[in-house]
Amino acid sequence: MTPPNSSASGDCGSEFDRLNEFYSDLLQPKSAIAKPIFGFIRSKLIQYNLRSWCDEVAVLLWVYLRSVEHIAGGGKITNHAAWVKSVAFNIIRETSRQHKRHQPFDEPLIESLSYRHTLDSDDIDLTDDMIKVRDAFKALSPKEQLLIYQKVVMNDSWTTIQDFLRQAGHGDHSLAALRKQKERAMAKLRKIYDSLCEA
């Protein structure tokens, strides 16, 4: 067996020492480096709607574990504060995507979008989720948009929707067919929404 490279082992040990020293300072009461890092992580947890699911300390623990893996693989960390923020942001984004994949598609989220206002509005008053739903909705066909809007947003009866689609030139469909078309449209909307979340 080839003996380990003592220089490489020493470098790795030094990297671990610097990481542990940084975390020790970070978690000290009234730490000067804690406020901007905790504030950054908190803002991202709020932005990605994860504040009630985990906190800053949990994120920092995951960052520490990834940092250890990085160093063990021969990596180096030159700026610990910048590294922690970057890795924390990646973890929060990954967690948000995984979290959304295991949630049923939120029809009330669609209801919260005003058909006339938000489809062509600026993003100022919209949450990140609402923007993605709006953009996914725009990618549907006009008939699919009408089906979802009339049923989910307006909560019209199927007979009303049947008449509306007929008058709009979208053909004459049975109520059972319309229900299936609405389910397919929702599935398509969900697929487009998921692709936007992963982008």
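In this text, all values refer to a predicted model and were calculated from it rather than measured experimentally.
No donor-acceptor pair closer than 3.5 Å links the side chain of K151 to the backbone N or O of S157. No side-chain donor-acceptor contact under 3.5 Å links S31 to the backbone of L27. Not a single donor-acceptor pair under 3.5 Å links the side chain of S24 to the backbone N or O of E21. Not a single donor-acceptor pair under 3.5 Å links the side chain of Q181 to the backbone N or O of E144. For Y48 (side chain) and T95 (main-chain N/O), no donor-acceptor pair under 3.5 Å exists by modelled atom type.
Note on residues 79-91: no pairs pass salt bridge (Lys or Arg N to Asp or Glu O under 4.0 Å), not counting sequence neighbours.
A heavy-atom distance below 4.5 Å is not found between the side chains of I77 and V84. Side-chain contact between R18 and F22: absent, with no pair of heavy atoms (C-beta onward) separated by less than 4.5 Å.
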With a cut-off of 3.5 Å and sequence neighbours excluded, list every side-chain donor-acceptor pair involving residues 65-75.
from: R66; atom 1: NH1; to: E94; atom 2: OE1; distance (Å): 3.3
from: R66; atom 1: NH1; to: E94; atom 2: OE2; distance (Å): 3.4
from: R66; atom 1: NH2; to: E94; atom 2: OE1; distance (Å): 2.6
from: S67; atom 1: OG; to: V63; atom 2: O; distance (Å): 2.7
from: S67; atom 1: OG; to: W83; atom 2: NE1; distance (Å): 2.8
from: H70; atom 1: NE2; to: K76; atom 2: N; distance (Å): 3.4
from: H70; atom 1: NE2; to: K76; atom 2: O; distance (Å): 3.2

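Between I92 and I41 the shortest heavy-atom distance is CD1-O, 4.0 Å.
Cluster annotation: L50 is not connected to I46 through the hydrophobic network of ILVMFWY side chains, with a link wherever side-chain heavy atoms come within less than 4.5 Å.
We find that K191 and D194 are not joined by a salt bridge, their nearest charged nitrogen and carboxylate oxygen being 4.0 Å or further apart.
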